[in-house]
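Throughout, a chain's letter reflects where its sequence line sits, starting with A, and its residues are numbered from 1.
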Amino acid sequence: MRLPIPFRETLSGFKSLLIGMRITLGQFFKPSITVQYPRQTLKMPARFRGRIELIFDQATGKSRCTACLLCQRACPSNCIAVEGARTEGEKHKHVTDYKLDFTMCSLCGLCIEACPFDAIQFTKVYNAVSFSRDGLNNLDLVREIETKRKAWLQTHPPPAPGPAASPAPRQPQPEASSP
Amino acid sequence: MSNLLSIEPVRILTYLVGICAFVGANAAYLVLAERKIAGRIQRRPGPNEAGYGGWMQPFADVLKLFAKQVMIPPGTDILLYCAAPLMVMAPPLMCLAVVPFGESLVARNLDIGLLFVFAFGSINVMALMLGGWASRNKYSIISAARVVSQNVAYEIPMLLVVITLLMVAGTLDLNELIRQQAGGFWNWNLLRVWVNPLMPVTFIIFFICMLAETNRAPFDMAESESELVAGAFTEYGGMGFGVFFMAEYSNIVLGCCLGTVLFLGGWQSPLPLAALSGPLWGPVWFLLKMYALIFTVMLVRWTFPRTQFYGLLNLSWKILIPLSLFSLLLTGAMMKLPLVLQRLF
Amino acid sequence: MKPSLEQLIADFTQLIGPVPAVPAVSPPIAADAAGSPAAPTPPPPPAHPIQKVDHAQRGYDFDATVAPAQVVASSELLDRHGFALDTMTGVDWIAQGEMEVVYDFFHPTANIRAVVRTRVPRQTPELPTIAHVFPGANWHERETHDFLGIRFLGHPNLTPLLLPEDATFHPLRKDYQP
Amino acid sequence: MIASKESLADGPDGQAPQETFILNLGPQHPATHGVLRVRTTMDGEWIKRAEPVIGYIHRMHEKMGENRTLAKFLPNPSRIDYLSAMHYTHAFVGAVERAAGIEVPPRAEYIRVITSELNRIASHMVWWGALLSDLGGLTPFLYAFDDRELILDLLEGLCGARLTYCYYRFGGLCNDVDDEFLQGTRAFVKHMPPRLKMYRDLVTDNIILRKRLEGIGPISAEMCRKYGATGPVIRGSGIAYDVRRAEPYSVYPRLDFQIPVYPECDSMARYLVHMAEMEQSLRIIEQALDQLPAGPVMGKVPRVLKLPPGDTCYAVEAARGRFMVRIVGDGKDTPYRVKLRTPCFSNLSLFEEASRGMILPDALAMLGSLDLVIPDIDR
């Protein structure tokens, strides 16, 4: 028996409502899938683009940055300011000041692609916050390197002052990455 | 104890405090329950920071609402603006006075209890209208207009359904209505198909009307937050909004109480076992049934999108009213059928 | 109705007339990378104002350069052929003292992309509106007016659309100083 | 207290008709998703005129394009429509590649298609959830975001960002896909069909939703053409216009997929187009994964990229319709002019005409079905 259309519509409509309620009821009994953020955290993937940092070279205890300014030039937001100095007898300059204005950074990664020495990388910091603008707009990346160097010096005592004092740490590093 | 309660002022005071506490606790914790249920449905834990598992959340909410400045927007009708939250809160409190939670657990067992409930229940809409109108906000006024036409439209099928039940029961006394549903769940009005084969449909109509009367989703025209910002409550802040919010849940409690009384056998146990019935079991059954209905209300809220306003009126005038009228006529016919048959043969 | 490219060219040839209406104007078409000094120099003018273009190289199939007065007629022509207004934009050729207005059209079914361009002097950048032909041009013309200050005569409501209501500057002009 | 309707009417210079009033929807209204403002002239709940007022987050990307080198503009297209960032980057990168004649290796093109289609699904999911929350159903939003999270995780593992990917480069991609991504994508393609069925049961078949959308907000094919509406809007009006077929780009000609078309012209048709497109995108991803060739992901690109004189267009089918970049070069490494043709701009421009005479909730349902992203309109 075919019911008149309004009845059929009402019945099928009511059935669709019941199906919907069955689905939500089914979801009701499933476990929750959210991460309780401050207590649980997610692991950031390897390619995660956080803010940039200078790579601390474990072999030399220094940054690989030569202050070539390519990252500064590649940056669309002009948020990188690098300064370098040359010490006597070295082929490249070394970085003396690397300031990052993180308030302007768009995390595009062009600076890292531009770097010919692999001297910068993304951190996995996803929750960079600060109480004031000053906490983020003038990040001193060189100071971070120096902090790491202090810890590094604990495990890598400087070689005894001898004839090969200063060039010694540089020996293991191959110069292959120079352009 | 029973002596003390038989003194009228003491009795009234006791029940006054009891009902206020019941409504207050329910309103506070139903908000939390709703948020928890919504969370579960959406696969998240819901509020879980305040207190263990979030059970302190209502206190935090209320504290926040109390701490807010009472803002009366310029250009409002102050008297109406302030009266609206009170008017929306008062009817459910009044109505609960006649709702029997147990056979003897009722504040005032009126023999016109049902009439009383519906008389006070329809004040609710006026409060929302006043609130919307007095706020001097365009969204609020649209919302107020919607609420009035919605509540008028849904009052009719609801009353038709109740008249159907009255014809079957022959009494307006809520306790008497429940007593008639004794003897197992198949005797509940919900399943009394030998009285009227459309009884389950009648219950669904009642449920839908109850949703609409309490302005619950999918019929939440009063608030309809994605269209009218917050509808009639747009200009209310702090505890003014809090009272509206509490009233919404009190109305749900009242509506579900009524549904329990009228269709689900009130405090009657679902199985006619002596061990499961008695003065202590009564409230347990009543509350179980009531909270099951409230859960359904919340499940509906978190499943469906909001109906379109004209679709909502169409539903009432074109489907629910004819159906409930038909059910009414059918009940009448079925009641008279034995008499007719008797006379014929 | 699916127009063919040939038909379109024929119709436009008829519209523009036997003599190219804007002989002096040179749309930036041909690829002449060698002679481009620092100043934006447009390439030499093409042989004919109506051109068939390789879609794989340019992203459109048909390119017509018309006089400012013929803009409405050509948009009506494209409307008759069932084209839809894709977008319109302006380019400020400050070295030539001209503004170019480019109308982009796509066809919903025939897979033809047509471009109609015209040039107006930079001092009096005025063009007739096509908002009555394509209502969608209303916003595009307002936007072009916002950015480049090209006035569309007969436009119903040439007020700033994307810029603030009281904006009097035109940021895409090459001499715009913020 | 409002004594009469007159005091509600505050039209321009007091000339508003007595029986109407002006209702300001937005810029902070729950249904306008962002900072769209619609100035509606209402007669009761009936809309006499709804005029979108845009430009609240105008950022002048086109000027930025003129001021920066091509490579420096690369992060910008993602910010125009943050929900379909892959498509927008694709269009910009494609325009530069077309102008400069750069060859893109096939593997890169396939990966572009895979990531673009993943992005399209993610974008449609946001739209789906947002539309439903416009209509008052909040739960589907969470379900959609649950599934979208899988896509975002995949893309985050691939390029490190969840929203503004900046993954394509002139001539290829910034890095190759890894096995984790490929397996994850295959798992996702298997995961989705039951979820789409769940979406259908929960929402699409729901009588309330159908009543909300069916016959609401009709946009005729002619109106689409006159306003240049594209994407799901034009396909919901019965015209099978899809840039992937009309102006084939990348490797789409090699893939087999259908263009969902519904001739009803109403909001439900646009809804169904979106839902069917998710299925088609899954099909495309599956095929592209099967056909994925080996090889490099970066073509030969000159060290300093210069645009030859002349203008070049490149259009893609973004999640919301036709996105086109018109780039005018003058032989330098900065473009002379960048024009961004965004779909939402055209799709919204017809709202004023289409919404005339509707009631407010219907107009908001239609606004939701147009699938607007406000930064995309304002640029």
Side-chain angles (χ1 to χ4, degrees), chain C residues 27-43 55-60 79 82-93 100 102 104-111 113 115 133-140 143 146-147 160-165 171-172 174 176 178, chain D residues 52-56 58 60 62-63 66 94-95 98-99 101 221 223-230 234 239-241 243 245-249 306-315 322 324-332 336-337 339-342 345-346 348-350 352-353 377-379:
Chain C
I29 285 298
D32 180 22
S36 62
T41 313
H55 185 283
Q57 282 186 354
R58 285 284 175 229
Y60 48 90
D79 182 30
F83 276 85
L85 181 69
D86 189 359
T87 184
M88 57 179 288
T89 182
V91 186
D92 181 13
W93 295 104
E100 184 184 16
V102 188
D104 275 292
F105 295 89
F106 69 89
H107 199 284
T109 47
N111 301 356
R113 277 265 291 109
V115 174
V133 188
F134 288 101
N138 187 323
W139 280 22
H140 288 298
E143 184 202 305
D146 274 9
F147 290 173
L161 178 71
L162 292 169
L163 297 184
E165 291 104 336
L172 280 186
K174 289 286 171 185
Y176 167 72
Chain D
V53 181
I54 60 173
Y56 284 89
H58 176 54
M60 203 74 236
E62 298 180 7
K63 187 75 181 174
E66 290 179 14
R98 189 174 268 173
M223 199 195 276
C224 282
R225 182 177 78 78
K226 289 276 189 184
Y227 280 93
T230 47
I234 198 168
I239 299 178
Y241 179 77
V243 182
R245 285 277 186 255
E247 297 172 49
Y249 61 96
K306 286 191 174 161
L307 281 179
D311 57 351
T312 315
C313 301
Y314 196 92
R322 176 189 170 83
M324 185 181 78
V325 173
R326 164 181 283 277
I327 192 162
V328 181
D330 62 343
K332 289 197 287 188
Y336 190 71
R337 174 86 171 86
K339 166 69 189 173
L340 307 160
R341 186 265 186 224
T342 52
F345 187 85
S346 303
L348 179 66
S349 66
L350 55 73
E352 180 171 348
E353 187 177 331
I377 299 166
D378 288 350
R379 278 163 292 154

For this session: Please determine, among D/Arg326, D/Glu62, D/Glu352, the option with the most heavy-atom pairs under 4.5 Å with chain C.
Result: D/Arg326
Problem set entry | chain D contact via C/Asp104 - side chain, backbone, both or neither, heavy atoms under 4.5 Å | side chain
Exercise. Quick one: are D/Arg225 and C/Phe134 in side-chain contact, heavy atoms under 4.5 Å?
Worked result: yes
Exercise. Side chain, backbone, both or neither: which part of D/Thr342 has a non-hydrogen atom closer than 4.5 Å to chain C?
Worked result: neither
Exercise. Quick one: are D/Lys226 and D/Glu353 in side-chain contact, heavy atoms under 4.5 Å?
Worked result: no
For this session: Tell me, for D/Pro248 versus chain C, whether the close heavy atoms (under 4.5 Å) come from the side chain, the backbone, both or neither.
Result: neither
Exercise. Are any non-hydrogen side-chain atoms of D/Arg337 and D/Ile327 less than 4.5 angstrom apart?
Worked result: no
Problem set entry | Taking every non-hydrogen atom, the tightest pair across D/Gly55 and D/Asp378 | N-OD1, 2.8 Å
Seminar exercise, completed: Ranking C/Pro160, C/Ala137, C/Gly90 by heavy-atom pairs under 4.5 Å to chain D gives rank one to C/Gly90
For this session: Check each atom of D/Met324 against the heavy atoms of chain C and say whether the ones under 4.5 Å are side chain, backbone, both or neither.
Result: side chain
Exercise. After noting the C-alpha distance and the side-chain angles of D/Thr312 and D/Arg98, does the key distance pass the side-chain hydrogen bond (donor to acceptor under 3.5 Å, both in side chains) rule?
Worked result: CA-CA 7 Å; D/Thr312 315; D/Arg98 189 174 268 173; over 6 Å; no
Exercise. Is it the side chain or the backbone of D/Arg322 that comes within 4.5 Å of chain C heavy atoms, both, or neither?
Worked result: side chain
For this session: Answer with side chain, backbone, both or neither: which region of D/Ser346 has an atom nearer than 4.5 Å to a non-hydrogen atom of chain C?
Result: side chain
Problem set entry | Under 4.5 Å from a heavy atom of chain C, the part of D/Tyr249 involved | neither
For this session: Select, from C/Leu162, C/Thr87, C/Asp92, the one with the greatest count of heavy-atom pairs under 4.5 Å involving chain D.
Result: C/Leu162
Exercise. So with a 6.0 Å cut-off around NZ of D/Lys306, is the heavy-atom count from everything else above 12?
Worked result: no
Exercise. Can you say whether C/Phe105 sits under 4.5 Å from chain D via the side chain, the backbone, both, or neither, judging by heavy atoms?
Worked result: neither
For this session: Answer with yes or no after comparing the ring centroid distance for D/His58 and C/Phe147 against a 6.0 Å cut-off, counting only values under it.
Result: yes
Problem set entry | Residue D/Leu350 versus chain C: region with a heavy atom under 4.5 Å | neither
Problem set entry | Within the 6.0 Å centroid threshold, strictly below: C/Trp139 and D/Tyr227 | no
Exercise. D/Leu348 versus chain C, heavy atoms under 4.5 Å apart: side chain, backbone, both or neither?
Worked result: both
Exercise. What's the spacing between C/Glu143 CD and D/Ile377 CD1 if we round to 0.5 Å?
Worked result: 12.0 Å
